[in-house]
Amino acid sequence: MIRSVVRGVGTALPRRIMKNAEFETLVDTTDEWIVQRTGIEQRYIAADDETTASLGEAAARAALDHAGLTPDDIDIIVLATSTPNNTFPATAVEIQQRLGMHHGFAFDLQAVCSGFVFAVTTADAHLRAGLGKRALVIGSETFSRILDWTDRTTSVLFGDGAGAVILEIEENQGTPADRGIIACSLRSDGSHRDKLYVDGGPSTTGTVGVLRMEGREVFKHAVGMITDVVEDVFAQSGITADDLDWFVPHQANKRIIDASARKLGIAEEKVVITVNLHGNTSAASVPLALGTAVKDGRIKQGDLVLLEAMGGGFTWGAILLRW
Ligand code: UT7
């Protein structure tokens with residue numbers, strides 16, 4: 001059986017850290033409210049010279065270094081982002097060019113906060129279909145560019161950053177004990193479009209627009225949708241919450257993460273939390289959390305890891321893999 005195995009992971013963050021206290025001078029909020037309601041203590045904000053492409057390139061280079069590979073070894077680049085450098089071409093081809101790569105193919109994928117989970121699932125399907133041997137999957141975002149900085153209900157929640165993994169096909173027995181991606185589950189439902197969207201676009205306003213969200217409505221649906229796809233990957237694989245070594249959820253709100261883990265019966269000490277450090281970085285949040293937990297030695301080769309995300313669309317998805 002052919003499986004896509006993770007060979008390396010890398011992350012990149014803008015230079016500037018913005019603490020909650022800074023928002024107290026911008027909007028009617030407090031550090032205490034932000035920490036209590038979301039778990040966020042700080043986020044990183046990109047400077048003018050830091051873009052989705054430059055952060056994505058830095059994360060890609062870190063993942064290549066971690067894997068001991070070079071761009072020559074990569075056949076496919078999939079970039080998950082909702083904040084591309086330009087409407088077109090795809091920011092993935094800009095990253096391809098920055099990496100000095102003239103072979104293979106690169107494209108962007110847009111599923112907002114679920115983008116990385118959708119991109120890994122898509123890259124896995126490409127690899128197993130024989131379209132390449134190795135894929136570079138990146139989540140990179142500069143949400144600071146699409147925020148309404150006068151809106152306290154959204155501006156305090158998001159941050160910028162990037163994370164990347166290298167997937168490589170490997171022939172193995174395909175049992176839950178073997179390395180690689182074991183099961184994936186993707187969903188979307190466009191009837192929830194108006195609960196989380198950007199109020200501009202090339203084909204409508206001709207502007208970039210800013211993020212609009214009915215936070216309470218998103219919150220209400222999040223836990224049920226997350227547990228739905230996680231239970232699907234459990235059912236596909238015969239794996240249970242007790243078997244997991246690590247749960248790496250989308251980092252939007254610590255209360256959503258805690259409630260999802262509780263509902264799924266996942267022990268608190270298995271949950272990777274980085275929302276306090278990064279805020280919600282949309283498609284970058286899962287690979288940033290993964291990279292953090294690999295770098296600090298928590299996630300090790302052979303560990304059973306569960307990824308999930310939920311966001312605009314709505315879109316939601318989960319991936320079960322043996323690291
Ligand atoms: O990654 C994509 C998925 N996105 C998410 O998962 C986000 C999901 N939603 C959430 O995380 C939460 O709903 C929020 C963090 C956005 C809001 O938390 P909440 O506990 O649902 O608060 P709320 O929206 O019910 O608002 C409670 C109060 C309101 O005031 P009133 O109406 O009770 O007087 C808000 O106006 O808190 C007020 N509020 C704030 N107060 C101080 C909203 N934002 C702020 C703020 N500072 N920044």
Side-chain angles (χ1 to χ4, degrees), residues 18-43 80-83 110-119 139-144 146-161 163 186-190 192-198 210-230 248-261 263 273-289 307-318:
M18 184 178 183
K19 302 266 186 200
N20 287 349
E22 236 183 291
F23 278 99
E24 294 177 2
T25 65
L26 298 174
V27 289
D28 181 16
T29 192
T30 60
D31 173 44
E32 195 190 2
W33 189 95
I34 302 169
V35 172
Q36 274 183 4
R37 297 290 179 125
T38 70
I40 298 167
E41 293 163 20
Q42 61 172 49
R43 75 286 293 137
T81 190
S82 300
T83 46
Q110 214 269 58
V112 203
C113 295
S114 311
F116 185 75
V117 169
F118 275 60
S140 183
E141 301 278 21
T142 44
F143 260 51
S144 63
I146 54 161
L147 294 177
D148 174 354
W149 285 88
T150 65
D151 176 7
R152 68 175 184 172
T153 69
T154 53
S155 60
V156 303
L157 304 174
F158 295 90
D160 302 332
L186 301 183
R187 285 296 321 278
S188 67
D189 181 351
H192 298 287
R193 180 210 174 272
D194 292 347
K195 298 185 180 81
L196 176 50
Y197 67 102
V198 168
V210 290
L211 183 148
R212 303 288 177 206
M213 177 167 74
E214 293 173 38
R216 212 176 305 180
E217 280 299 308
V218 180
F219 198 122
K220 237 171 53 189
H221 287 87
V223 178
M225 288 177 162
I226 290 163
T227 49
D228 167 46
V229 280
V230 169
V248 186
H250 172 46
Q251 309 284 322
N253 187 321
K254 178 139 190 318
R255 287 155 57 212
I256 295 176
I257 296 172
D258 290 347
S260 307
K263 193 164 170 203
I273 305 274
T274 50
V275 68
N276 54 322
L277 303 173
H278 305 147
N280 181 349
T281 56
S282 187
S285 105
V286 170
L288 270 172
L307 316 178
E308 60 80 357
M310 181 268 179
F314 292 149
T315 55
W316 62 108

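Atoms within a ligand are numbered from 1 in the order they appear, just like the ligands themselves.
For ligand 1, one of its N or O atoms has an N or O atom of R216 under 3.5 Å away. Looking at G215 next to ligand 1, an N or O pair under 3.5 Å apart turns up.
Put simply, atom 29 (C) of ligand 1 has no protein non-hydrogen atoms near it, under 4.0 Å away. Protein heavy atoms come within 4.0 Å of atom 24 (O) of ligand 1.
Looking at atom 18 (O) of ligand 1, its nearest protein heavy atom turns out to be R255 NH1, 3.8 Å. At the shortest separation from atom 47 (N) of ligand 1 among protein heavy atoms lies T29 OG1, 2.6 Å. Closest protein heavy atom to atom 2 (C) of ligand 1: C113 SG, 3.3 Å. The single protein non-hydrogen atom nearest to atom 17 (C) of ligand 1 is W33 CH2, 4.0 Å, given as residue, atom name and distance. The protein heavy atom nearest to atom 3 (C) of ligand 1 is V218 CG1, 3.7 Å. When only non-hydrogen protein atoms are considered, atom 35 (C) of ligand 1 lies nearest to R152 NH2, 3.9 Å. Nearest protein heavy-atom neighbour of atom 12 (C) of ligand 1: F219 CD1, 3.7 Å.
Within ligand 1, the atoms closer than 4.0 Å to a non-hydrogen atom of N280 are 1 (O), 2 (C), numbered from 1 in the order shown. Within the listing of ligand 1, atoms 15 (C) sit less than 4.0 angstrom from a heavy atom of T38. In summary, the atoms of ligand 1 found under 4.0 Å from a heavy atom of T153, numbered by their order in the structure, are 43 (C), 44 (N). Residue-ligand proximity, L196 to ligand 1, at heavy-atom distances under 4.0 Å covers atoms 2 (C). Atoms of ligand 1 found under 4.0 Å from any heavy atom of R37 (numbered from 1 in listed order, with element): 19 (P), 20 (O), 22 (O), 27 (C). For ligand 1, the atoms lying closer than 4.0 Å to a non-hydrogen atom of A252 are 1 (O), 5 (C), 6 (O). Close approach of ligand 1 to M310 (heavy-atom distance below 4.0 Å) involves ligand atoms 1 (O), 2 (C), 3 (C). Of all atoms in ligand 1, listed by their number and element, those nearer than 4.0 Å to a heavy atom of N253 are 10 (C), 11 (O), 12 (C), 15 (C).
Summarising the geometry of S285 relative to Q251, their closest heavy-atom pair is OG-N, 3.0 Å, with the distance given to 0.1 Å. Of all non-hydrogen atoms in A284 and G139, the two that sit nearest each other are CB-O, 3.5 Å. Heavy-atom minimum distance, S155 versus L147: O-CD1, 3.9 Å.
Rounding to the nearest 0.5 angstrom, the gap separating the CH2 atom in W33 from the CZ atom in R152 is 7.5 Å. Taken from CG in L277 to CG in L288, the straight-line distance is 10.0 Å, to the nearest 0.5 Å. Annotation: the span from C113 atom SG to F314 atom CZ amounts to 10.5 Å, rounded to 0.5 Å. Interatomic distance, CG of L211 versus CG of L196, reported as 5.5 Å (0.5 Å rounding). How far CD1 of I257 is from CD1 of I273: 4.0 Å, rounded to the nearest 0.5 Å. For the atom pair CG of D194 and CD of E217, the computed distance is 11.5 Å after rounding to the nearest 0.5 Å.
The side-chain heavy atoms of V275 and T38, taken from C-beta on, include no pair separated by under 4.5 Å.
A donor-acceptor contact under 3.5 angstrom links the side chains of T83 and E141, judged on distance only.
With respect to the salt-bridge test (charged N to carboxylate O, under 4.0 angstrom), the residues R212 and D148 qualify. Ion pairing between a basic and an acidic side chain is recognised when a charged N comes within 4.0 Å of a carboxylate O; E22 and K19 show no such pairing.
Remark: distances from the non-hydrogen atoms of L157 to ligand 1 include one below 4.0 Å.
Under 4.0 Å from ligand 1, the heavy atoms of I256 that appear belong solely to its side chain. Neither the backbone nor the side chain of V27 has a heavy atom within less than 4.0 Å of ligand 1.
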